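Below: the structure, in structure tokens.
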Number of protein chains: 2
Amino acid sequence: MGDATREIEALIDQVARLPGLGPRSARRVVLHLLRRRGQAMLPLAQALEAVARGARDCTICGNISTAEICPVCADPARATGEICVVADVADLWALERSGVFRGRYHVLGGTLSALDAVGPEDLRIPTLVTRVAEEAVQEVILALDATVDGQTTAHYIAEALAPTGVRVSTLARGVPVGGELDYLDDGTIGTALRARRPF
Amino acid sequence: MGDATREIEALIDQVARLPGLGPRSARRVVLHLLRRRGQAMLPLAQALEAVARGARDCTICGNISTAEICPVCADPARATGEICVVADVADLWALERSGVFRGRYHVLGGTLSALDAVGPEDLRIPTLVTRVAEEAVQEVILALDATVDGQTTAHYIAEALAPTGVRVSTLARGVPVGGELDYLDDGTIGTALRARRPF
């Protein structure tokens, strides 16, 4: 349409670029907001702006929050002796939702990838080595994806940490909770069988 | 997590309330934006705010744009003798994308609905009758959903317009373009057969 809706069209384009959305769903979202300009659209705009301006990477672990030191690192109740290494903030949030881990995190900011030309210097691996040395860490848990890139990264970190003598562990492999054997891939079944435990 | 991420959690909640999104996809969208705070999150916030503050309902037809009179009504090239009546701005946009209609619109703001207690006074029906009388309109095209509520609304409008003597038409019913007979419902096939045309 004309000039006067150019702003709306531009907004739809921006929304359509978000993950999981496309031109059709973006139009739907923007129309929904246009019908609730005061109650939903303006508050959303202001919340986005506040977070965009306030959010920062935690200077210790790389988690994103609206404080210089993230709530996990700032929490005195969290064990300092354990560091859980994750590739991404999304993984950290997933682990926090499980509520099992009570130590602290270290967000790498990705995984090593020959294809995407991501080398060790692009990730927060040097600061991890420094933290392990300085914070009297007893155990580093590698919570990385069970993919080629994830496991390459895990091996690289284990080697980089070897001189510090810290204990390095990784997430258990096996049958997922609720998993039906019939639907599991052969690799997972083989791994679970080899790692079998007394009942 | 703690206080410092409360703003981020609140933002995820707001995004999760958008149509087609849920808690999981909202988290993904917000994380995507958090990683691109300067390049994507702040511009999106500003675009949303500009549209939220600038958008208004066209005083003539009810279309939403960032001008007092929408680009369709303001376009001197659009025929004034034809008004296409739609329930919603989304329908207007859909018709504009087809590029076939060169007249003007009238957005009702919904359809009559006994279930949702939407009566004629909740829709822009009185202003439609006024426009038809004042703008020398020759034809009113009812482009309403082929649902019970849509057709109830169409009948109501046709009756309300009867005293003005204007020609009232409605969208053709039949096989959709690309439609396979095998997959069409019986109602559509019956309607298409009754409305058959010389080949």
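Quantities reported herein were computed from a predicted structural model and do not represent experimental measurements. Lettering follows sequence order; numbering is per chain, from 1.
The pair B:Arg37-A:Asp57 meets the salt-bridge criterion, since a charged nitrogen lies less than 4.0 angstrom from a carboxylate oxygen.
Side-chain atoms of B:Ile8 and A:Trp93, non-hydrogen and from C-beta on, do get closer than 4.5 Å to each other. For the pair A:Leu33/B:Leu18, a side-chain contact is recorded, criterion being any heavy-atom separation below 4.5 Å from C-beta on. Within the 4.5 Å cutoff, side-chain heavy atoms of B:Arg27 are placed close to those of A:Arg97.
Between the side chain of A:Arg28 and the backbone N or O of B:Pro19 there is no donor-acceptor pair closer than 3.5 Å.
When all heavy atoms of B:Ile64 and A:Thr5 are compared, the closest pair comes out as O-CG2, 4.1 Å. The shortest non-hydrogen separation linking A:Gln14 to B:Ala47 is OE1-CB, 3.2 Å. Residues B:Glu49 and A:Glu49 approach most closely at OE1-OE1, 3.8 Å, considering heavy atoms. The two residues B:Glu7 and A:Thr66 make their nearest non-hydrogen contact at OE1-CG2, 3.5 Å.
Looking at A:Val30, A:Val15, A:Leu42, A:Leu11 one by one, the single match for side chain to side chain contact (heavy atoms under 4.5 Å, CB included) with B:Leu48 turns out to be A:Leu11.
At a threshold of 4.5 Å between side-chain heavy atoms, the hydrophobic network of Ile, Leu, Val, Met, Phe, Trp and Tyr places B:Val72 and A:Ile12 in one connected group. No single ILVMFWY cluster, assembled from side-chain heavy atoms under 4.5 Å apart, contains both B:Val85 and B:Leu92. In the hydrophobic clustering of this structure, A:Leu128 does not group with A:Leu95; members are Ile, Leu, Val, Met, Phe, Trp, Tyr whose side-chain heavy atoms approach within less than 4.5 Å, directly or through other members. Under a hydrophobic clustering in which Ile, Leu, Val, Met, Phe, Trp and Tyr are joined whenever their side-chain heavy atoms come within less than 4.5 Å, directly or via other members, A:Leu108 and A:Val129 fall into the same cluster. Residues B:Ile125 and B:Val107 fall into different hydrophobic clusters, defined by Ile, Leu, Val, Met, Phe, Trp and Tyr side chains chained together at heavy-atom separations under 4.5 Å.
In this structure, CZ in A:Arg17 is found 9.0 Å from NE2 in B:His32, a value given to the nearest 0.5 Å.
Surrounding CD of A:Gln46 are more than 12 heavy atoms belonging to other residues, nucleotides or ligands, all under 6.0 Å away. Residue B:Glu159 qualifies as open at atom CD: its count of foreign heavy atoms under 6.0 Å is 12 or below. Summarising the local packing, CD of B:Glu135 is surrounded by more than 12 heavy atoms from other residues, nucleotides or ligands at distances under 6.0 Å.
Within residues 174-185 of chain B, no residue has any heavy atom under 4.5 Å from a heavy atom of chain A.
Ranked by non-hydrogen atom pairs under 4.5 Å with chain B, the options A:Gly109, A:Gly38, A:Ala74, A:Pro43 are led by A:Pro43.
Neither the backbone nor the side chain of B:Ala10 comes within less than 4.5 Å of any heavy atom of chain A. With a 4.5 angstrom heavy-atom cutoff, A:Ala55 touches chain B via backbone and side-chain atoms both. Looking at A:Leu31, the atoms closer than 4.5 Å to chain B (heavy atoms on both sides) all sit in the side chain, from C-beta outward. A:Arg36 does not touch chain B: none of its heavy atoms, backbone or side chain, sits under 4.5 Å away.
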Let me have the donor-acceptor pairs involving side chains of residues 136-144 of chain A, under 3.5 Å, with sequence neighbours excluded, atom names and distances please.
residue, atom, partner, partner atom, Å
A:Gln138, NE2, A:Ala136, O, 3.2
A:Glu139, OE1, A:Arg167, NH2, 3.2
A:Glu139, OE2, A:Ser169, OG, 2.7

